[in-house]
Amino acid sequence: MDGSGGGGDGGGSIATPVQKRAHEAWRIYKYYLDKTTPHSTYRWIGTLVVFLIYSLRVFSIHGFYIISYALGIYLLNLLIGFLSPLVDPELDLSSDGGASLPTRGSDEFKPFIRRLPEFKFWYSMTKAFCIAFLMTFFSVFDVPVFWPILLCYWVVLFFLTMRRQISHMIKHKYIPFSIGKQKYSGRRSSASSGGASRAD
């Protein structure tokens, strides 16, 4: 009985140092990843740098076009998730008897919640670029293809997908961006009125 318990502990102690170091490395990685969360501008600049490095790599070796095509399809899928609401209004007709997004000015305000949040969108995109860059060092992935056909097909797919997404936005009257939206206008006006009343 004690021997079996000791054997179990011994088996665990053999794997413990490796697991401990892997867990520590993962914890440090997650710590620094979490610290980048509020710095969206710098994160996207870093992703742009990774994209430029990958593009220069593919351009300089004149190959791995099939990887670039697969990367483009994956990024298009991420973009659709980023632009789509968490709950599709067409699929949520049974709960409210109508669209879940506000369609009139008198409707209750419901903030736009993305199916794919901005941080996950950035993280998945950056990780995809890094993986694609690493794959360019293995010749097994350099499948010979006629790249102009892949490019034309991807452009057509992009325009068809975006046209469908834009028509979905127009149909359900939502905008996935908050550019130009004033923030805290109510608090400022109340603060200014409060300041005016105090001055009186």
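Treat the numbers as computed from the prediction; the structure is a model and nothing was measured. All residue numbers refer to positions in the sequence shown, counting from 1.
Residues Val58 and Tyr65 are in side-chain contact: their nearest non-hydrogen atoms beyond the backbone lie under 4.5 Å apart. Contact check for Ile53 versus Leu56: no side-chain heavy atoms found under the 4.5 Å cut-off. Counting heavy atoms from C-beta on, the side chains of Tyr69 and Ile73 come closer than 4.5 Å. Looking at heavy atoms from C-beta onward, Phe138 lies out of side-chain contact with Ile67 at the 4.5 angstrom threshold. Ile80 places a side-chain heavy atom less than 4.5 Å from the side chain of Met162. Counting heavy atoms from C-beta on, the side chains of Phe64 and Met135 never come closer than 4.5 Å. Side-chain contact check for Leu71 versus Tyr54: some heavy-atom pair is nearer than 4.5 Å. In this structure, the side chains of Leu160 and Arg164 stay at 4.5 Å or more apart for every pair of heavy atoms.
No continuous path of ILVMFWY side-chain contacts below 4.5 Å connects Leu157 to Ile149, so the two sit in separate hydrophobic clusters. Cluster annotation: Phe159 is connected to Leu75 through the hydrophobic network of ILVMFWY side chains, with a link wherever side-chain heavy atoms come within less than 4.5 Å. Residues Ile45 and Tyr123 fall into different hydrophobic clusters, defined by Ile, Leu, Val, Met, Phe, Trp and Tyr side chains chained together at heavy-atom separations under 4.5 Å. Trp26 and Tyr32 sit in two unconnected hydrophobic clusters of ILVMFWY residues. Membership requires side-chain heavy atoms under 4.5 Å apart, directly or through other members. No single ILVMFWY cluster, assembled from side-chain heavy atoms under 4.5 Å apart, contains both Val140 and Leu134.
A distance-only check finds no donor-acceptor pair linking the side chain of Ser124 to the backbone of Phe121 [under 3.5 Å]. Of the possible polar contacts, one joining the Arg43 side chain to the Thr37 backbone as a donor-acceptor pair under 3.5 Å is found.
A salt bridge links Arg27 to Glu24: one of the charged nitrogens lies within less than 4.0 Å of a carboxylate oxygen.
Residue Phe129 forms a ring pair (Phe, Tyr, Trp, His ring centres under 6.0 Å) with just one option from Trp122, Tyr74, Phe51, and that option is Phe51.
For Phe141 and Phe137, the ring centers sit 6.0 Å or farther from each other.
Residues Glu118 and Ser40 approach most closely at OE2-CB, 4.0 Å, considering heavy atoms.
Few gaps surround NE2 on His62; more than 12 heavy atoms of other groups in view lie less than 6.0 Å from it. For CH2 of Trp154, the number of neighbouring non-hydrogen atoms (other residues, nucleotides, ligands) closer than 6.0 Å is greater than 12.
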